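Notes for the one structure printed next.
Predicted model only: the values in this text are computed from it and were never measured. Labels below follow one simple rule: chain letters A, B, ... track the order of the sequence lines, proteins then strands, and each chain is numbered from 1.
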Number of protein chains: 2
Amino acid sequence: MTAILLVDDHPIVREGYRRLLERQPDYRIVAEAANAAEAYQAYRKVSPDIVIMDLSLPGASGVEAVRHIKQWDKGARILIFTMHSGAAFALKAFEAGASGYVTKSSDAAELLRAVAIVAKGGRALSDDVAREIAAERLGEGRALVDELGPRETEILRLVASGRTTEDIAGILNLSPKTVQNYHYQIKSKIGARTDAHLVWLAIGAGLVGDASAT
Amino acid sequence: MTAILLVDDHPIVREGYRRLLERQPDYRIVAEAANAAEAYQAYRKVSPDIVIMDLSLPGASGVEAVRHIKQWDKGARILIFTMHSGAAFALKAFEAGASGYVTKSSDAAELLRAVAIVAKGGRALSDDVAREIAAERLGEGRALVDELGPRETEILRLVASGRTTEDIAGILNLSPKTVQNYHYQIKSKIGARTDAHLVWLAIGAGLVGDASAT
DNA sequence: GCCCTGATCGGGCAAATTGCCTGGGGGCGA
DNA sequence: TCGCCCCCAGGCAATTTGCCCGATCAGGGC
């Protein structure tokens, strides 16, 4: 039996959850809350197995509520169920300690699947949000790269992937000085103030983004 | 009418594509290839509107083939259709210039949808891969961060997000020299050879990677 | 052929940063 | 009270950055 705490400022929506969840044999809603403060109180009182929470709450935001609860109980499992499909919301929620993120446009089956995953300690993410995050990660803006010549692009790729100046000089059979010059030229063309900034721009342009195979 | 070039080393699989795609009124398979070299030749000969390609080909990898074709025609639209669902494969493919990535576990409808998107110049990604990339993006590995003190973590976050040394000094009310020292210390503790490398490690640790709310 | 443009390659030099060491102060557990 | 670790920052040589310059080579256009 899985004890659930429901947090949503809309009683009607809570009623909807209740209908859906209590039809499942293993789930029981043991408490409800309409805002962050209530959620926190309720959590401390009933220690539910999982929390299902909306992100837009009156007063403190849902992200704050997540952070607060996780601070009190590091093992808390919180599933965000919200209308926002933006990648930024989801990332913030996970950063705060949420275990799952499902949008309200998902169907009942998807919510139940997410609840099951989170209850087992896993991480759940609905398809539309996954797609958003992936899209952001893949980046849209080429633009930048078009300003650069092929050699510059090549060197940007290498620099952004973490290579040393000397590495690059070796790989491309150039003088280290030339690589430095390109490096500098790229930064000024692109308008990056920092190497780190350069990396982000390169990611945005789709030039890099690997994480495997160094 | 959309002209398609099919690249897959398995004739039976190509037959499958053909069945599926030629049932659609707008698609016509104008050429086939069984390896990277053939694909390249065929592309130059028929200039198809889109290429549907497997990633695992005999000889040169599909990624190489993509890079090669894009080098010859920057406007080429290439849709990868493969069995690999790993994020790394997909990222490499996009980096090389692919416009879409669909796994063979997707159903026919998803492939057709992807073909349509790519034909229109968009970018397509199947759900399972999106999920993989998102998972990777959310990051698993803390590890690194545990080595660092809170101050170091803070500074790493700022450095990795692209701030200038002076910016950081201003934000945290420190001497620029102190920031430089932390910056150096972090690099040696974490084992990063380059600032760019540092950014990747910070991303992996989930410290940065927002893109919103600066 | 000739000029112009643009990409590629690198030297030079001052100013800034990195790499590494040093040292002092504060908190906290043994 | 003694370490130990974290915080903060100066010093100094070595390297890199920032910005200048000139040389070569390929492709147009006239």
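Residue-to-nucleotide contacts include a donor-acceptor pair under 3.5 Å from the side chain of A:K177 to the base of D:dG18. In the interface, the side chain of B:K187 is not paired with the base of C:dG19 through any donor and acceptor atom under 3.5 Å apart.
Which of D:dA9, C:dG19, D:dT17 sits closest to the side chain of B:Y184 comes down to C:dG19. Checking D:dA9, C:dC9, D:dG18 against the side-chain heavy atoms of A:T178 singles out C:dC9 as nearest. Out of C:dG11, C:dC9, C:dG19, the shortest distance to the side chain of A:N181 is found at C:dG11. The listed nucleotides are C:dT18, D:dT17, D:dC19; the one nearest the side chain of A:Q180 is D:dT17.
Within 6.0 Å of CZ on B:R193 lie no more than 12 heavy atoms contributed by other residues, nucleotides or ligands.
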### Query
Can you list the steps and then say if B:V7 with B:D54 is a side-chain contact (heavy atoms from CB on, under 4.5 Å)?
CA-CA 6 Å; B:V7 185; B:D54 191 1; over 6 Å; no
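The separation between B:D195 atom CG and D:dT15 atom C1' is 14 Å, rounded to whole Å. The distance from atom CG of B:L174 to atom P of D:dC6 is 17 Å, rounded to the nearest whole Å. Between B:I171 atom CD1 and D:dC8 atom P the separation is 14 Å, expressed in whole Å. Nucleotide D:dT17 holds its C1' atom 18 Å from the OH atom of A:Y182, rounded to whole Å. Atom pair B:I168:CD1 and C:dT18:P shows a separation of 10 Å (rounding to whole Å applied). Summarising the geometry, the separation between CZ on B:R193 and C1' on C:dG19 is reported as 14 Å, rounded to the nearest angstrom. Going from atom CD of B:Q185 over to atom C1' of C:dG23 covers 14 Å, rounded to whole Å. Rounded to a whole Å, the CD atom of A:E166 is 11 Å from the P atom of D:dT17.
When side chains are defined from C-beta on, B:V159 does not count as touching B:Y182, because their heavy atoms never get closer than 4.5 Å.
Under the 30°/60° scheme for interplanar angles, the aromatic rings of A:W72 and A:Y43 are found to stand perpendicular.
Of the side-chain N and O atoms in B:S175, one or more sit less than 4.0 angstrom from OP1 or OP2 of D:dG10.
Atom-to-atom distance recorded for A:D167:CG and A:L158:CG is 9.0 Å, nearest 0.5 angstrom.
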